[in-house]
Amino acid sequence: MQDGGRVTKGGEGGARSSCQRGCEVHQSSGMSQVRVRFAPSPTGFFHIGSARTALFNWLYARHTGGTFILRIEDTDKERNSEAFLNLIYDSLTWLGLNWDEGPRVGKHGGGDFGPYRQSERSDVYRDYVQRLRDAGRAYEKDGAIWFKLEGERYEVFDEHRKKTVTKVKGPPVVIEDRIRGRVERVEDEDFVIVRSDGNPVFHLVNVVDDIAMRVTHIIRGEDHLSNTSKHVRLYEGFGVTPPAFAHIPLILKQNGPGKMSKRDQGALIEEYQRRGYLPEALVNFLCLLGWNPGDDREKMPIDDIIRLFDLPGVNQSNARFDDKKLAHMNMAYLLELPADRWVAQARELFGRQTGSAVAQAALAADAGYFREVMLLSQPKVKGLEELSAYTAYFFTEAYAVDPKVREKVMAKGDPKARLQEVLDALPTMDLTSDGAIEEALKALAAQRGLGFGDYQAVVRLALSGTNVGPSITGMIRVLGRERVLARLQRFLADG
RNA sequence: GUCCCCAUCGUCUAGCCCGGUCUAGGACACCACCCUUUCACGGUGAGAACCGGGGUUCGAAUCCCCGUGGGGACGCCA
C-alpha cells in the first residue's frame with residue numbers, strides 16, 4: 001500500500017479516517033479475521049449487479065486474507081427455483097469467485113457455521129425470534145410477528161400508502177458506512193419479521209445469519225442502504241454490535257433511466273459465458289465499475305487487483321454500464337490468450353452452435369487444421385463471437401462471394417490474368433511458410449513489373465469471397481495447395 | 001409524497017479528504033493521419049467535462065449552504 005495518500009473522498013472524515021486502510025490490513029494477521037458474505041436469492045437469472053457485489057466481497061476477503069461466505073437466501077418459497085440456484089453456483093465458479101464457506105464446499109459442503117441455505121435454518125430463526133419475544137421486542141399481530149421499535153407511539157395518515165399507520169418516535173439510526181461515511185436515517189415503524197404463514201422475512205434472516213455466521217463486513221448494493229436502519233435496530237434488539245457496512249454504488253442501465261435489471265441488454269452473466277467472453281475480462285471490467293486502483297491502470301491481473309482493492313477506494317456514485325468498453329477489455333484479453341486456451345475456447349464456442357452447419361464442419365475438420373485456422377484469426381477478430389463468421393470459408397466450399405467486393409476487385413487491372421499466373425505457379429510453389437509464399441508472389445509480380453498488391457485482392461476474393469481476413473500468405477499456407485488450387489480454378493471457371 | 005445517497009469529457013474515471021503545482025490527466029467511443037498493398041492490432045493527433053447560484057478565502061473542481069438533476073428505498077419480495 002505504497003499509495004497511502006489516497007484515502008477518502010467526501011464526508012467530514014469520520015468513518016473514513018486515514019487509519020482505515022492500514023488498520024484493515026493489520027487485522028488480517030491479527031485476532032479479528034474479516035468475514036464477508038454474498039447472499040443471493042435464487043429467484044431469477046444471475047445478473048451483472050449481483051456479480052459485482054459478489055466480486056467486491058470476494059476481493060475484500062482475498063485482500064484481507066479473510067473468509068468469503070456464500071449464503072443462499074431462499075426464504076421466498078414462491079419464487080425460488082433449483083435452476084436459478086445452480087445458475088448462481090455456475091456463474092460464480094465461471095467468474096472464479098470461489099467461496100470458502102457455503103454450499104458445495106469441500107466434500108460435504110459447508111464450513112463451521114452452516115447450513116448455508118436459509119431454507120435449512122428454520123430452527124435458528126425460531127430461536128432468535130424467541131429471544132426477541134422474551135426480551136419484549138417482538139409481538140404478534142394479524143398472525144405475523146412484528147419487531148417492536150422502542151419509543152413513543154402515535155398514529156398518522158400516510159398519503160402515499162393511503163392508510164393510517166402507527167409510528168414510533170425514537171432517535172435516528174446512525175450508520176457509519178465505510179464507503180459513504182456517516183448516514184442517519186429514522187426508522188419509525190414496526191415491521192414484520194415472520195410472515196403469517198410462519199416463514200421468516202428477509203430483514204430477520206439476513207441479520208440473524210450475519211450474527212450467527214460472524215460476518216464482520218456487509219458489502220452490498222446501495223439499494224440496501226435504506227434497509228440498514230431496520231437491520232441496525234435488529235442487531236440492537238439482539239444485543240449485538242452491528243458489523244461494518246459498506247454500500248457500493250449501483251450499476252445503471254446503458255440506455256434510459258434506472259438501475260440495471262435482469263431484463264436489460266447485457267445484464268445476464270450467463271449470456272457472456274455463452275457468447276465466449278473471457279471471465280477474467282468481465283471481472284476486470286466489473287472491478288472498474290465503481291473502483292479504480294488510484295492511477296491510470298485498467299487492465300490488471302487479478303492478483304494486482306486483490307492487492308490494491310480496498311473499501312475506501314470504492315466510489316460513491318453510480319456507474320453506467322458500457323458494453324463497448326467491456327468488448328474492448330475482452331479483446332485485450334483475447335489477444336494475449338495462450339494458443340491452447342484460445343483454440344479450446346473456440347472449440348467450445350463452435351460446440352455450442354449446434355444449429356450451424358459451418359460450426360459442425362469446423363469441429364469435424366482435422367484438429368491440426370482447426371488449430372491453424374484459429375491461430376491465424378486470433379490477432380484479427382474483435383471477439384470470440386465473430387469467430388465462426390470470420391473463419392467460415394476455411395471449413396466449407398460453399399462460402400458466399402460478396403458481390404460488392406467482387407465488382408470492386410474485378411473492375412481494375414486484369415485480375416483474371418493475375419489469378420491464372422498464380423494458378424500456374426502454384427504446383428511448384430513453396431508453401432511451407434508465410435515468408436516463402438510472400439517471396440513467390442513477389443517474384444511473380446516482379447516478372448511482370450507488377451506489385452504484390454495486384455495479386456492480393458483478387459486472390460483473397462477467390463479464396464474467401466471477401467476483402468477482409470487474415471494475411472493472404474497465411475491464408476494460402478493454412479488452406480493448403482489442394483484447396484487453393486481448387487478454389488482458384490473454380491473462381492476462374494465461374495467467370 | 002416522505003426519507004436516504006450521489007454529482008468532473010457522450011461513458012468509466014484521476015484530481016477533492018490536506019484549497020494554489022489544473023491552460024483538469026487517463027481509458028472507451030468518435031474523427032483525422034501514420035503503420036499495413038486487406039481487415040484488425042499498434043502509433044500520433046483532434047474534439048470533448050469541473051450541473052447552477054450563493055458563500056468562505058488573496059485564491060475553490062477541491063470547503064459550506066441552497067437549488068437543480070440523477071439514483072435508491074418506502075411489501076407478510078430479497
Side-chain angles (χ1 to χ4, degrees), chain A residues 5-14 16-18 39-44 73-76 78-79 118 141-146 158-161 172 175 177 179-181 183-189 191-203 205-206 221-229 247 249-250 252 254 257-259 285 288-299 312 315-329 331-332 335 377 379-382 390 405 409 451-457 459-461 464 466-472 475:
Chain A
R6 183 178 196 283
V7 187
T8 65
K9 56 193 65 171
E12 281 91 299
R16 314 186 77 197
S17 73
S18 61
S41 64
T43 55
E73 306 221 329
D74 52 354
T75 55
D76 184 351
E78 298 298 313
R79 298 196 299 149
Q118 291 184 331
K141 192 180 98 184
D142 303 331
I145 299 175
W146 297 66
D158 186 312
E159 293 289 347
H160 187 60
R161 284 179 291 175
I175 301 152
D177 194 277
I179 292 168
R180 275 144 222 292
V183 177
E184 274 189 35
R185 195 170 180 278
V186 174
E187 192 59 43
D188 59 1
E189 272 182 60
F191 53 92
V192 170
I193 52 176
V194 180
R195 287 185 268 262
S196 48
D197 65 5
N199 287 309
V201 164
F202 163 73
H203 301 298
V205 297
N206 193 265
E222 201 223 68
D223 49 342
H224 283 291
L225 188 53
S226 41
N227 288 327
T228 306
S229 47
H247 287 94
L250 266 23
L252 269 25
Q254 178 148 255
K259 63 172 174 174
F285 169 78
L288 263 17
L289 235 42
W291 175 85
N292 66 79
D295 56 33
D296 289 343
R297 274 177 298 174
E298 295 202 327
K299 182 167 177 293
N315 293 140
Q316 297 162 303
S317 49
N318 295 340
R320 201 168 289 277
F321 177 76
D322 181 0
D323 61 355
K324 291 256 179 50
K325 188 141 188 174
L326 204 204
H328 179 264
M329 183 68 79
M331 187 182 62
L335 226 40
S377 309
K380 298 286 192 166
V381 294
K382 282 187 167 158
Y390 194 83
V405 175
V409 171
F452 187 75
D454 293 302
Y455 294 82
Q456 184 176 233
V459 171
R460 178 184 298 284
L461 176 68
S464 70
T466 177
N467 62 343
V468 302
S471 72
I472 189 69
M475 198 188 282

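A, B, ... follow the sequence lines: proteins, then strands. Residue 1 opens every chain.
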So [X], base contact, sugar-phosphate only, or nothing? Heavy-atom distance under 4.0 Å.
X        : result
A:Asn227 : base
A:Asp142 : base
A:Val186 : nothing
A:Gly290 : sugar-phosphate
A:Ser196 : base
A:Gln254 : nothing
A:Ala319 : sugar-phosphate
A:His247 : nothing

Contact list (N/O, under 3.5 angstrom) for nucleotides 41-50 of chain B vs protein:
none

Euclidean distance for [atom1], [N] against [M] (whole angstrom):
N     : M     : atom1 : result
B:A49 : B:U23 : C1'   : 14 Å
B:C77 : B:U62 : P     : 46 Å
B:G26 : B:G20 : C1'   : 23 Å
B:C16 : B:C64 : C1'   : 14 Å
B:G10 : B:G70 : C1'   : 16 Å
B:U8  : B:G15 : P     : 13 Å
B:U36 : B:A27 : P     : 24 Å
B:C58 : B:G19 : P     : 15 Å

Going by heavy atoms in the side chains, are [X] and [Y] under 4.5 Å from each other?
X        : Y        : result
A:Leu326 : A:Phe321 : yes
A:Ile193 : A:His203 : no
A:Asp177 : A:Leu225 : yes
A:Glu222 : A:Gln316 : no

Can you list the residues that meet the side chain to side chain donor-acceptor pair (under 3.5 Å) rule with [X], with sequence neighbours excluded?
X        : result
A:Asp142 : none
A:Arg79  : A:Asp76
A:Gln118 : A:Glu73, A:Asp209
A:Lys325 : A:Glu298

So A:Glu184 and A:Ile175, side chain to side chain contact (heavy atoms under 4.5 Å, CB included) or not? Walk me through it.
-> CA-CA 6 Å; A:Glu184 274 189 35; A:Ile175 301 152; over 6 Å; no

Complement of [N], any strand, by Watson-Crick or G-U distances under 3.5 angstrom:
N     : answer
B:C18 : none
B:U2  : B:A73
B:A7  : B:U68
B:C33 : B:G43

List for me each residue that meets ring pair (Phe, Tyr, Trp, His ring centres under 6.0 Å) alongside A:Phe202, sequence neighbours excluded, and say none if there are none.
-> A:His224, A:His231

Nearest of B:U38, B:C4, B:C6 to any side-chain atom of A:Gln316?
-> B:C6

Side chain to side chain contact (heavy atoms under 4.5 Å, CB included) partners for [X], two or more places apart:
X        : answer
A:Met475 : A:Tyr393, A:Phe394, A:Arg460, A:Leu463, A:Ser464, A:Pro470, A:Ile472, A:Leu479
A:Val186 : A:Pro172, A:Asp188
A:Val409 : A:Val405, A:Ala457, A:Val458, A:Leu461
A:Arg185 : A:Glu187, A:Ser226, A:Ser229

Just N and O in the side chain of [X]: are any of them under 4.0 Å from OP1 or OP2 of [N]?
X        : N     : answer
A:Thr75  : B:A78 : yes
A:Asn292 : B:A14 : yes
A:Gln456 : B:U38 : no

Grab the [atom1]-[atom2] distance between [X] and [N] for me, whole Å please.
X        : N     : atom1 : atom2 : answer
A:Glu73  : B:C77 : CD    : P     : 14 Å
A:Asp322 : B:C28 : CG    : P     : 11 Å
A:Phe285 : B:A29 : CZ    : P     : 12 Å
A:Asp323 : B:A29 : CG    : P     : 11 Å
A:Phe202 : B:A73 : CZ    : C1'   : 12 Å
A:Tyr390 : B:A40 : OH    : P     : 9 Å
A:Lys299 : B:C28 : NZ    : C1'   : 15 Å
A:Asp188 : B:U2  : CG    : C1'   : 10 Å

Worked verdict on A:Asp223 versus A:His247 for side chain to side chain contact (heavy atoms under 4.5 Å, CB included) = CA-CA 8 Å; A:Asp223 49 342; A:His247 287 94; over 6 Å; no

Measure distances between side-chain N and O atoms of A:Lys324 and base N and O atoms of B:C28, and say whether any donor-acceptor pair falls under 3.5 Å.
-> no

Please state whether the base of B:C77 and the side chain of A:Arg79 form at least one donor-acceptor pair under 3.5 Å?
-> yes

Within the sub-3.5 Å range, which N or O atoms of nucleotides 24-26 of chain B have a protein N or O partner, and how far apart are they?
| from | atom 1 | to | atom 2 | distance (Å) |
| --- | --- | --- | --- | --- |
| B:G26 | N2 | A:Glu298 | OE2 | 3.3 |

If you find the nucleotide of RNA chain B closest to A:Pro470 and the one closest to A:Ala144, which residue's nucleotide is nearer the 5' end?
-> A:Pro470

Please list each protein N or O that sits under 3.5 Å from an N or O in nucleotides 69-72 of chain B, with the distance.
| from | atom 1 | to | atom 2 | distance (Å) |
| --- | --- | --- | --- | --- |
| B:G71 | OP1 | A:Gly258 | N | 3.0 |
| B:G71 | O2' | A:Asn318 | ND2 | 2.9 |
| B:G72 | OP1 | A:Lys259 | N | 3.0 |

